[in-house]
Enquirer: 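The structure follows.
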Amino acid sequence: MFTGIISDIGRVRSIEARGDTRMVIETAFDTAAIAMGGSIACSGACLTVVETGAGWFAVDASAETLSHTTLGDWREGDPVNLERALKAGDELGGHFVAGHVDGVTEILDRAPDGDSLRFTFALPDWLRSTIAPKGSVTLDGISLTVNEVAPDRFGVNIIPHTQSATTLGAARPGQRVNVEIDVLARYVARALAGEGAPCPN
């Protein structure tokens, strides 16, 4: 479990195709304190640590993960939002985030808004019933508040701290981002639909 508060911007050191895809990620975390088999959210995707070294950790991404997230787009040198799993007693600064990416959306627009940046994202059919004004959404692992919702798009504001502490500060229109639906919205949608929450095709 996570909160969507990014604590490091890592960088992809290497990608190796095996049975699954092995990714090595450079980080400022104290990797000696990361337990083997522990969970780290990598741009929103909860991945299991399979190896560590000084200043880096490795994870394996399955074909399922690659097909439902942006991880299949990653290249060596790409920045990655990182968050370690919650421990008992940690501050809950964002909202409850499972690290289970529901799908991918695209940045449509980026514009200055005071000191903040206002981002507009595409709102595909599978996401429409779970995004609400002033509700929470997780984008590339970042807990964000939805500003407004239109039939085909939704917007969020990125304050200066979030711009500097996450990858969104450098993000541009056309870029794809991972989306995790707020857990409350997921179960409300399930209850109203009488079946599983909407998911992408």
Enquirer: Let me confirm one number: the CG-OG1 distance from Leu66 to Thr21, rounded to the nearest 0.5 Å.
Expert: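 Rounded to the nearest 0.5 Å, the CG-OG1 separation comes out at 4.5 Å.
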Enquirer: Should side-chain heavy atoms under 4.5 Å link Ile, Leu, Val, Met, Phe, Trp and Tyr, which residues sit in the same cluster as Val24?
Expert: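 Members besides Val24, by chain and number: Trp56.
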Enquirer: Taking the side chain as every heavy atom from C-beta outward, state whether Glu83 and Asn81 have any atom pair closer than 4.5 Å.
Expert: no
Enquirer: Could you list who else is in Val97's hydrophobic cluster, with ILVMFWY side chains joined at under 4.5 Å, directly or through other members?
Expert: Phe2
Enquirer: Rounded to the nearest 0.5 Å, how far does CG of Leu168 lie from CD1 of Ile158?
Expert: 5.0 Å
Enquirer: Of all residues at least two apart in sequence or in a different chain, which pass the ring pair (Phe, Tyr, Trp, His ring centres under 6.0 Å) check with Phe121?
Expert: Phe154
Enquirer: List in chain and number order the residues that pass side-chain contact (heavy atoms from CB on, under 4.5 Å) with Gln175, two or more places apart in sequence or in another chain; answer none if no residue qualifies.
Expert: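 Checked Gln175 against side-chain contact (heavy atoms from CB on, under 4.5 Å); matches are Ile107, Ala171.
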Enquirer: Indicate yes or no for a side-chain donor-acceptor contact from Thr69 to the backbone of Thr65 under 3.5 Å, with no hydrogens or angles considered.
Expert: yes
Enquirer: Give every residue pair that meets the salt bridge (charged side-chain N to carboxylate O under 4.0 Å, His left out) criterion with at least one member in residues 138-151, sequence neighbours excluded.
Expert: Arg118-Glu148
Enquirer: Is it the case that the side chain of Arg110 and the backbone of Phe119 share a donor-acceptor pair, with hydrogens and angles ignored and the cut-off at 3.5 Å?
Expert: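 No; judged by distance alone, with no hydrogens or angles, the pair does not exist.
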Enquirer: Roughly how far, to the nearest 0.5 Å, is the CG atom of Asp102 from the OG1 atom of Thr105?
Expert: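 So the OG1 of Thr105 and the CG of Asp102 are separated by 12.0 Å.
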Enquirer: Look at the side-chain heavy atoms of Ile, Leu, Val, Met, Phe, Trp and Tyr, link any pair under 4.5 Å apart, and say whether Leu144 and Leu127 land in one connected group.
Expert: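 Leu144 and Leu127: one cluster.
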Enquirer: With side chain to side chain contact (heavy atoms under 4.5 Å, CB included) as the criterion, how do Val59 and Ile40 come out once you've worked through the C-alpha distance, each side chain's angles and the decisive distance to 0.1 Å?
Expert: CA-CA 9 Å; Val59 295; Ile40 296 180; 5.9 Å; no
Enquirer: Does the side chain of Val80 come within less than 4.5 Å of Val12's, by heavy atoms?
Expert: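 Yes. Closest side-chain heavy atoms under 4.5 Å.
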Enquirer: Do Thr70 and Val177 pass the side chain to side chain contact (heavy atoms under 4.5 Å, CB included) test, and can you show the C-alpha distance, the side-chain angles, and the key distance before you say yes or no?
Expert: CA-CA 6 Å; Thr70 63; Val177 297; 5.5 Å; no
Enquirer: Taking the side chain as every heavy atom from C-beta outward, state whether Thr3 and Ser143 have any pair of such atoms under 4.5 Å apart.
Expert: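 With C-beta onward as the side chain, the pair stays apart.
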Enquirer: Please report the shortest heavy-atom distance between Pro133 and Asn147, naming the atom on each side.
Expert: CB-O, 3.9 Å
Enquirer: Does any non-hydrogen side-chain atom of Thr130 lie less than 4.5 Å from one of Val137?
Expert: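 When only atoms from C-beta onward are counted, Thr130 and Val137 do not touch, as no gap falls below 4.5 Å.
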Enquirer: Determine whether Leu71 and Val101 satisfy the following criterion, side chain to side chain contact (heavy atoms under 4.5 Å, CB included), listing intermediate values before the conclusion.
Expert: CA-CA 11 Å; Leu71 274 66; Val101 173; over 6 Å; no
Enquirer: Find the distance between CG (Leu47) and CG (Asp60) and round it off to the nearest 0.5 Å.
Expert: 9.0 Å
Enquirer: Is Arg176 reaching over with its side chain to a backbone N or O of Gly174, donor-acceptor style, under 3.5 angstrom?
Expert: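 It does not hold such a pair.
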Enquirer: Would you name the heavy atoms of Ala132 and Val146 that are closest together and state the gap between them?
Expert: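 Shortest heavy-atom separation between Ala132 and Val146 comes out as O-CB, 3.4 Å.
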Enquirer: Run the salt bridge (Lys or Arg N to Asp or Glu O under 4.0 Å) test against Asp8 and tell me which residues pass, sequence neighbours left out.
Expert: none
Enquirer: Would you call Val104 and Asn178 a side-chain contact if the rule is heavy atoms closer than 4.5 Å?
Expert: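 Yes, at least one pair of side-chain atoms sits under 4.5 Å.
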Enquirer: Has the side chain of Arg172 got a donor or acceptor atom that lies under 3.5 Å from a matching backbone atom of Ala170?
Expert: yes
Enquirer: Quick one: OG on Ser43 to CG on Leu139, what's the gap to the nearest 0.5 Å?
Expert: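 One finds 11.0 Å between OG of Ser43 and CG of Leu139.
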Enquirer: Quick one: pull up CZ in Phe29 and CG in Leu82 and give me the separation to the nearest 0.5 Å.
Expert: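 The CG atom of Leu82 is 5.0 Å from CZ of Phe29, to the nearest 0.5 Å.
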Enquirer: Check Asp152 against Arg128 and note the closest heavy-atom contact, atom names and distance.
Expert: CA-NH2, 4.4 Å
Enquirer: Would Ile5 and Val156 show up in the same hydrophobic cluster when neighbours are defined by side-chain heavy atoms closer than 4.5 Å?
Expert: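 No, because Ile5 and Val156 fall into different hydrophobic clusters, even though each may have its own neighbours under 4.5 Å.
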Enquirer: Indicate the atoms forming the closest heavy-atom contact of Ile6 with Gly141, along with that distance.
Expert: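 Closest heavy-atom pair between Ile6 and Gly141: CD1-O, 3.4 Å.
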Enquirer: Looking at Glu16 and Arg22, would you say the former's side chain and the latter's main chain have a donor-acceptor pair under 3.5 Å?
Expert: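 Pair absent, no side-chain N/O of Glu16 close to backbone of Arg22.
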Enquirer: Where do Asn157 and Leu117 land on the side chain to side chain contact (heavy atoms under 4.5 Å, CB included) test, with the steps shown first?
Expert: CA-CA 6 Å; Asn157 265 47; Leu117 290 173; over 6 Å; no
Enquirer: Quick test of your reading of the model: are Arg13 and Glu26 salt-bridged, counting only N-O distances below 4.0 Å?
Expert: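 So Arg13 pairs with Glu26 through a salt bridge.
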Enquirer: What is the minimum heavy-atom distance between Glu76 and Ile15, and which atoms define it?
Expert: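 Nearest pair, atom of Glu76 first, then Ile15: OE2-N, 4.0 Å.
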Enquirer: If every non-hydrogen atom of Lys134 is compared with every non-hydrogen atom of Thr145, which pair is closest and at what distance?
Expert: CA-CG2, 3.8 Å
Enquirer: Please check this pair: side chain of Thr166 against backbone of Gln163, looking for a donor-acceptor N/O pair closer than 3.5 Å.
Expert: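 A pair under 3.5 Å: no.
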